[in-house]
Amino acid sequence: MSEDKGILFEQKLKNLDALIELGVNPYGARFEVGGSIASVKNNFADGMKVTIAGRIMAYRGHGKSIFFDIKDSTEKMQAYIQNKTVGEEQFAVFSNIEIGDIIGLTGETFTTRMGEPTIKVESFTLLSKSLQPLPEKWHGLKDVETRYRQRYVDLIVNDDVRNTFKLRSKIIQSIRSFFIDKGFLEVETPMMHHIPGGATARPFATYHNALGIPLFLRIAPELFLKRLLVGGFERVFELNRNFRNEGISRRHNPEFTMLEVYQAYADYEVMMELTENLFVSLAQEVWGSTKHVMSDGVEIDLTLPWKRISLKDAVVEACGIDFTTVADPVKAAIDAKLPVKHDMTRDEILCEAFEELVEPKLYNPTFVVHFPSSVSPLAKSLDSDPNVTARFELIVRGQELANAYSELNDPLEQRKRLQKQLESAEDSKQLDEDFIRALEYGMPPAGGLGIGIDRLVMLLTDSDSIRDVILFPQLKPELS
RNA sequence: GCGCCGUUAGCUCAGUCGGUAGAGCAGUUGACUCUUAAUCAAACGGUCGGGGGUUCGAAUCCCUCACGGCGCACCA
């Protein structure tokens, strides 16, 4: 005995031995399942012969008969086993089977006196013996740490968690269909980058032994997707993981799922329409409506059209200060009790004011447009005002859910902007020369869009934490 | 990294003023052939997150460490 797994584990090992003693293989193999429990229940009539498989979730023994609940990926239902139906020998085997075990069974449906659809077991096979005790049947598993660390237990026990992840899968599938139906090509670009680009986040660093070079997990796929525009793919999207070496919070996981979409000959306004249509179609699918009352009691209304406001106007509306023209922006910001530093630029203060005063209060979807060019190095500036860009952020429920712009396709301007950004960068960052070279071949004007999928799923499934929509969220190791 | 809160049986939770730890469920044994949070009976189950301190005595007070939650910071 190398490890003490507790008295319950020992007890279950004894039950396992008892089964082996009776000639039962406790870890069965392939089992021909006749159908799901949901299909049995949905087509229920007395006298049907059915074969199902699942995990035993509850057990009510009555001496010479036993009621138990069995659950598969679709649903839970009651089964009934009697010694006279299966014989004394098999009944003895079954009395060593317990909650948590996975079995397959064949039987005939009937309805109990209390009206419960039930399967009268005629034969059964043990498919997997469980050695760990399941959480309590009534209160279930609540401890969030255990729920995240041992998600498998969370999924066994908590149906709402299971449903959230089924919905997540459905949402992602719908997003794929939405873009594929519109002629977009799904592509996969590198996750390991020589030069991390497309965002300013801190990357995870790794090393390739055979090549002898450092590599970085991508912080965004943007620069590669634009290379594909240069290559002649006019509509592309990528739906996959990004990695950012930053703090973890209710809204941040180090690896998260991002959708990036690029459409040649379009612009940021086309991206707005695309975003609106996507969100509305997802809301219809998940909520059955464009409106939904969240668990905090506040209604989210995604009905079109959505509000549009410029960053500058949004800030003026919130605090009455126009940071783009005010004489001393630092002083004005300090007077407005904004947490600014003395070396911040006018644009940075404007963005700070937006994040502090505007963003948290935008509950219903709002396109905030015209971010300063200085903070948007990959976006095209407006012809009418070169200080701001053809860019929007979509804010819903106080969170940024999407970011899009008319892509800067002027290679000379792009080089200048990236160089300027490098000057202010803390650590030694490099300019992605190949990206510039690609632009020099000519990239069609295009609209580009990024959507944080985890946050979108949070919205649609009414989840407060990103950990509730990521199956295995990042935690510190549990070694104690 | 900082602040606040939390960690008691496998699970869900009590634990009073500092006096030596309890319940329900699960598990074990026994009874029971229509139960469904089945019921009844008995026995079992504890490193009170780890370590240190104060005290005659610590789950309880203090320090420290670990992990988690929330907030801040970080994050175009």
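Just the heavy atoms: all of them, side chains too, but no hydrogens, waters or symmetry mates, feed the values below. Letters go in sequence order (proteins before strands), and every chain restarts at 1. Everything quoted here is computed from the prediction, not taken from an experiment.
You'll find that the side chain of A/L8 is closest to B/rG27, out of B/rU36, B/rC74, B/rG27. Side-chain atoms of A/R149 lie closest to B/rG68 of the nucleotides B/rG68, B/rU35, B/rC74. Nearest to the side chain of A/E145, among B/rG71, B/rC74, B/rG68, sits B/rG68. Here the nucleotide nearest the side chain of A/K137, chosen from B/rU36, B/rA26, B/rG27, is B/rA26. The side chain of A/L475 approaches B/rG69 more closely than any other nucleotide in the set B/rA38, B/rG69, B/rU33. Proximity note for A/K476 (side chain, C-beta onward) versus B/rG68, B/rU33, B/rC70: the nearest is B/rG68. Ranking B/rC70, B/rC11, B/rU33 by closeness to the A/K84 side chain, first place goes to B/rU33.
Under 3.5 Å, the side chain of A/Y80 and the base of B/rU33 form at least one donor-acceptor pair of N or O atoms. No N or O donor and acceptor, one from the side chain of A/E116 and one from the base of B/rU35, sit under 3.5 Å apart.
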List the steps, then state whether side chain to side chain donor-acceptor pair (under 3.5 Å) holds for A/E238 with A/T189.
CA-CA 8 Å; A/E238 182 160 9; A/T189 65; 2.6 Å; yes
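Using a cutoff of 4.0 Å between basic side-chain nitrogens and carboxylate oxygens, A/R455 and A/E400 are not scored as salt-bridged.
Counting any heavy atom pair closer than 4.0 Å across all strands shown, A/N15 reaches sugar-phosphate atoms only and no base atom.
Between A/Y268 and A/H370, the two ring planes are tilted [angle within 30° to 60°].
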